[in-house]
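Working notes, beginning with the structure itself.
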Amino acid sequence: AKDPVRVLVTGAAGQIGYALVPMIARGVMLGPDQPVILHMLDIPPAAEALDGVKMELVDAAFPLLKGVVATTDVAEACKGVNVAVMVGGFPRKEGMERKDVMTKNVSIYKSQASALEQHAAPNCKVLVVANPANTNALILKEFAPSIPAKNITCLTRLDHNRALGQISERLSIQVSDVKNVIIWGNHSSTQYPDVNHASVKTPGGEKPVRELVSDDAWLNGEFITTVQQRGAAIIKARKLSSALSAASAACDHIRDWVLGTPEGTWVSMGVYSDASYNVPAGLIYSFPVTCKNGEWSIVQGLPIDEFSRKKMDATAVELSEEKDLAYSCLS
Ligand code: NAI
């Protein structure tokens with residue numbers, strides 16, 4: 001039998017945590033034959049709720065779940081973890097300035113970076129979910145210099161999956177028949193959902209989405225804004241932010257990273273930019289990636305038209321501004 005993999009979930013007493021930990025314990029993230037030990041971290045005000053989640057994990061009697069650590073101690077939470085899913089953070093509350101929220105998150109991600117660096121297993125893979133996800137991941141990277149930059153990523157898979165969902169709804173086809181959309185840039189409303197390279201499996205072979213959806217005005221307009229604004233639409237409808245879809249996307253992200261993407265398919269991940277596609281180096285930016293042997297690589301050589309270029313640049317500008325704001329919060 002395989003040795004268990006230790007998976008850390010921070011903010012585990014929150015909404016996403018509640019949807020995510022059972023998925024991990026059922027093998028959705030790492031596969032149906034991979035035992036796991038869950039490490040759950042939250043802050044003292046949520047300690048009792050966290051214990052409740054632990055009780056439910058025991059009650060669910062998951063065969064793959066070989067242990068549960070539930071703690072408010074960051075060092076204990078990070079001890080020996082192979083995968084870290086960072087969902088905990090400080091949410092923006094009404095009337096709060098962007099800078100105040102950033103200051104809180106910068107200080108959280110700075111200290112959790114050090115804890116991961118000191119206590120996590122070598123080669124630990126990190127996924128930041130908490131917003132501002134790209135910039136939190138960048139801070140984590142900066143303050144965990146011994147963790148390779150390629151091991152630190154942020155979640156844009158939810159946006160990617162939302163884009164697949166919109167295309168499948170529009171064409172009344174199975175979502176599993178759509179592939180290779182791209183989310184470029186920031187996990188924010190400036191993200192650029194790009195369908196120029198996306199395709200659909202049809203009885204007559206693979207066809208470009210651009211050919212099947214002939215309505216360019218929809219593809220260049222409403223499709224993009226629907227994906228960009230989907231998070232807000234969920235909040236309006238549910239009075240709570242997306243949780244089950246975020247948890248599912250986090251599982252997809254880690255699963256594909258660890259187990260590989262299917263041949264001919266790419267996914268979107270927020271990764272440390274190496275200046276591919278002239279995106280400024282040193283930002284955590286969402287790119288199309290393929291994964292193999294536990295490593296991602298950015299899909300190279302896709303032609304970028306002028307419309308796309310502008311949108312890719314605009315989201316990069318926003319990320320550079322966030323980076324500057326984050327640095328100004330450090331001093
Ligand atoms: P939530 O408020 O229900 O849960 C957050 C949890 O984090 C709470 O239990 C809180 O006590 C905990 N927490 C706060 N500070 C912490 C710290 N320093 N260490 C450990 N835990 C801490 O929020 P929800 O709905 O679960 O969302 C979590 C985050 O995910 C938010 O930042 C949200 O904006 C973000 N998000 C990101 C998405 C993405 O696609 N990247 C999609 C949806 C949400």
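Ligands are counted one by one from 1 in listed order, and the atoms in each one are counted from 1 as well.
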* Asked: In terms of heavy-atom contacts, does CZ of R230 have more than 12 from other residues, nucleotides or ligands at under 6.0 Å?
  -> no

Of the protein's non-hydrogen atoms, which lies at the shortest distance from [atom], and what is that distance?
| atom | result |
| --- | --- |
| atom 34 (O) of ligand 1 | N131 ND2, 2.8 Å |
| atom 2 (O) of ligand 1 | P91 CG, 4.9 Å |
| atom 17 (C) of ligand 1 | I43 CG2, 3.4 Å |
| atom 9 (O) of ligand 1 | D42 OD2, 2.7 Å |
| atom 40 (O) of ligand 1 | H187 CE1, 3.0 Å |

Answer side chain, backbone, both or neither: which part of [X] comes under 4.0 Å from ligand 1, heavy atoms only.
| X | value |
| --- | --- |
| I108 | side chain |
| L158 | side chain |
| Q15 | both |

* Between I152 and V289, is there a shared hydrophobic cluster once you connect ILVMFWY residues whose side-chain heavy atoms come closer than 4.5 Å? ->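 No: no chain of side-chain contacts under 4.5 Å links I152 to V289.
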
* To do: Return a yes/no value for G14: is any of its N or O atoms, backbone included, closer than 3.5 angstrom to an N or O of ligand 1?
  => yes

* Could an N or O of ligand 1 be found under 3.5 Å from any N or O of V129, whether backbone or side chain? ->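 Between V129 and ligand 1, an N or O pair is found under 3.5 Å apart.
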
SB check [X] [Y] (cutoff 4.0 Å):
| X | Y | answer |
| --- | --- | --- |
| D100 | R92 | no |
| K54 | D51 | no |
| R162 | D159 | yes |

Considering all heavy atoms, the nearest [X]-[Y] contact:
| X | Y | result |
| --- | --- | --- |
| P35 | K66 | CB-CG, 3.7 Å |
| W218 | V213 | CE3-CG1, 3.9 Å |
| A326 | T135 | CB-CG2, 3.7 Å |
| A137 | T153 | CB-O, 4.0 Å |
| C291 | W257 | SG-CA, 3.8 Å |

Atoms in ligand 1 with a heavy atom of [X] nearer than 4.0 Å:
| X | value |
| --- | --- |
| A130 | 29 (C), 30 (O), 32 (O), 35 (C) |
| A13 | 9 (O) |
| S242 | 43 (C) |
| S241 | 25 (O) |
| V87 | 28 (C), 29 (C) |

From [atom], work out which of [options] has a heavy atom at the shortest distance.
| atom | options | value |
| --- | --- | --- |
| atom 21 (N) of ligand 1 | G11, C154, S111, A246 | G11 |
| atom 22 (C) of ligand 1 | S245, A137, G88 | G88 |
| atom 44 (C) of ligand 1 | V9, I16, T72 | I16 |

* **Protein contact for atom 36 (N) of ligand 1 (heavy atom, distance under 4.0 Å)** => yes

* To do: Output yes when a protein non-hydrogen atom is found under 4.0 Å of atom 27 (O) of ligand 1, and no otherwise.
  =>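 It does; a protein heavy atom is within 4.0 Å.
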
* **ligand 1 contacted by Q112 (non-hydrogen, < 4.0 Å)** => yes

* Asked: Is the closest heavy-atom distance from G89 to ligand 1 below 4.0 Å?
  -> yes

* F90 backbone acceptor or donor facing N105 side chain under 3.5 Å ->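 It does hold such a pair.
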
* To do: Look at the side chain of S273 and the backbone N and O of V279, then say whether any donor-acceptor pair between them is shorter than 3.5 Å.
  =>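 A pair under 3.5 Å: yes.
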
Taking only distance into account, with no hydrogens and no angle test, what donor-acceptor pairs under 3.5 Å do side-chain atoms of residues 164-174 form with protein atoms, sequence neighbours excluded?
residue	atom	partner	partner atom	Å
S168	OG	G165	O	3.3
R170	NH2	D215	OD2	3.2

